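This report refers to the structure that appears directly beneath it.
By convention in this document, chain letters (A, B, ...) are assigned in the order of the sequence lines, proteins followed by strands, and residues within each chain are numbered from 1. These values consider heavy atoms only, across backbone and side chains, with no hydrogens, waters or symmetry-generated copies. None of these values were measured; they are calculated from a predicted model.
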Protein chains: 2
Amino acid sequence: MKLSARSRYAARLLLSLASHESNTPIRTAILSEETGITIQFIEQIIRPLKKAGFIKSVRGVAGGHILDKAPSEITLGQIVRTMEGAISISNCLDCDSQCDRSVDCKTKKVWERASRAMEVELDSITLADLLDPQDSAEA
Amino acid sequence: MKLSARSRYAARLLLSLASHESNTPIRTAILSEETGITIQFIEQIIRPLKKAGFIKSVRGVAGGHILDKAPSEITLGQIVRTMEGAISISNCLDCDSQCDRSVDCKTKKVWERASRAMEVELDSITLADLLDPQDSAEA
DNA sequence: TTAATCATGAGTAGATTAATCGGGTATGCG
DNA sequence: CGCATACCCGATTAATCTACTCATGATTAA
C-alpha cells in the first residue's frame, strides 16, 4: 500500500520548484541538490510531469525547469494521479477490472470507499498550502 | 499504492467465514471454493489472522476455522493493519523513519493526512456492514 | 491406527521497481 | 562555425518484493 518513489519524488520536485519565487528556470543539478534525488532519476520523473503540464523546460545554456502553473492550482491528488495512473488501493478498481467476482463483490466496495477518501484528502491540498509556513491549519 | 493480495484475501476469507451463520468450523477446502484462493495460500493468510484473534481453528476430523469475534466487532481497518503492518502510503511514516529530511518534511505531512483519511474510512466499516444486504447506506 | 485436517518453515518463479547508461538534441556565445 | 551547457529519451540492469508452492509435521476423532 505504498506510493512509488516516483510519486513521492514528483511531489518533492514540484515543491522545490514552487519554492523558487523567481521566474528563471532551475537546473536539474540544483533540483538534485535540493531534493537528494539523482540527476538522471529526476530527468525520468520530470517527463510525465511535463506531459501533464506542470512543468515547462528551457534547453541550452541558462536553461532549466520552471513551474507552468500556479502552486495554488496544483493539488497533490493531481500529482499522484499523474505518477500512479489512478488513486486506488486495489487493481480491481482500475479501468475495466478483470476480476470475475466484481459484479457483486462486497470487498471491492470497501476498497473503493477507502481509495476515494484518500483521493479527496489529496485533492484538498495544493503546493501553495505546503509552501505556507503555517503548519497545515486543518490537519 | 496497492494493497497486497494478502490483505484483500484476508478480507474475503473473514467475510466468507462471517457469512456462515452456523457455529461449526469451516474447512479450508470450503473456504477455497468460496473465495477462489488456493488452499495452501489460505493456510498462509490465516496464520496472522489467528494470531490477531479473528479466527479460531479446530484440528482433526470435522475441524476447520471459525470466527472468534462478532462480525460487528471486526473492522476492515483492523484486518488491513493485521496484514500490512500499518495503514500508511509512505515508508517514512512507519515506526522510526530513517529519512534524514523527516524533521520538517512538508510532503511527509501530506502522506500522513492521506493515510489517516483512508484509515478512518476503513475503521468505519465492519464485516457486519458488508453482510447486510442493503447496499452500503452511507457510501 | 488410520484418515482427516490444520500448522509451518523453507523455497521459487515471475513481476515490479528504482536507478543507471549511453547516447541524442536544442540553445547561446564567441 | 565550434563548443559548452543543459535538457531529452529509449533501453537496461540489479535488487527487491510478492504471490504462491512444497514438503513435512502435529492433532484429533472414529
Quiz item: Under 4.0 Å between a Lys/Arg side-chain N and an Asp/Glu carboxylate O for A:K106 and B:D132?
Solution: no
Practice problem: Using a cut-off of strictly less than 4.0 Å, decide whether B:T28 has a side-chain nitrogen or oxygen near OP1 or OP2 of C:dC6. | Solution: yes
Quiz item: How long is the line joining CG of B:L49 and P of C:dC6, in whole Å?
Solution: 15 Å
Quiz prompt | For atom NE2 of B:H65 and atom P of C:dT8, their distance in whole Å | solution = 11 Å
Self-check item: Shortest non-hydrogen separation from B:R27 to B:G63 and the atoms involved
Solution: CG-O, 3.4 Å
Practice problem: Could you list the residues that satisfy side chain to side chain contact (heavy atoms under 4.5 Å, CB included) with B:D68, not counting sequence neighbours? | Solution: B:K56
Exercise. Output yes when a side-chain donor or acceptor of A:E84 lies under 3.5 Å from a complementary backbone atom of A:S4, and no otherwise.
Key: yes
Practice problem: Please state how far atom CZ in A:R27 lies from atom P in D:dC8, giving the value in whole angstrom units. | Solution: 14 Å
Quiz item: C:dT5 phosphate, OP1 or OP2: any side-chain N/O from B:R59 under 4.0 angstrom?
Solution: no
Quiz item: How close or far is atom C1' of C:dT5 from atom NZ of B:K56, stated in whole angstroms?
Solution: 17 Å
Quiz item: Taking atom C1' of C:dT5 as reference, at what distance in whole Å does atom CD1 of B:I42 sit?
Solution: 14 Å
Quiz item: NZ of B:K2 versus P of C:dA15: gap in Å, rounded?
Solution: 18 Å
Exercise. Whole angstrom is fine here: how far is it from CD1 in A:I46 over to C1' in D:dA6?
Key: 12 Å
Practice problem: State the OG1-NE2 distance between A:T28 and A:H65, to the nearest 0.5 angstrom. | Solution: 3.0 Å
Quiz prompt | Nucleotide-resolved protein contact map, nucleotides 15-24 of chain D, B/S/- at heavy-atom distance under 4.0 Å | solution = ----SBBBB-
Quiz prompt | Note: A:D129-B:K109 ion pair, threshold 4.0 Å (strictly below) | solution = no
Quiz item: What is the distance, rounded to the nearest whole Å, between atom NZ of A:K51 and atom P of D:dC8?
Solution: 12 Å
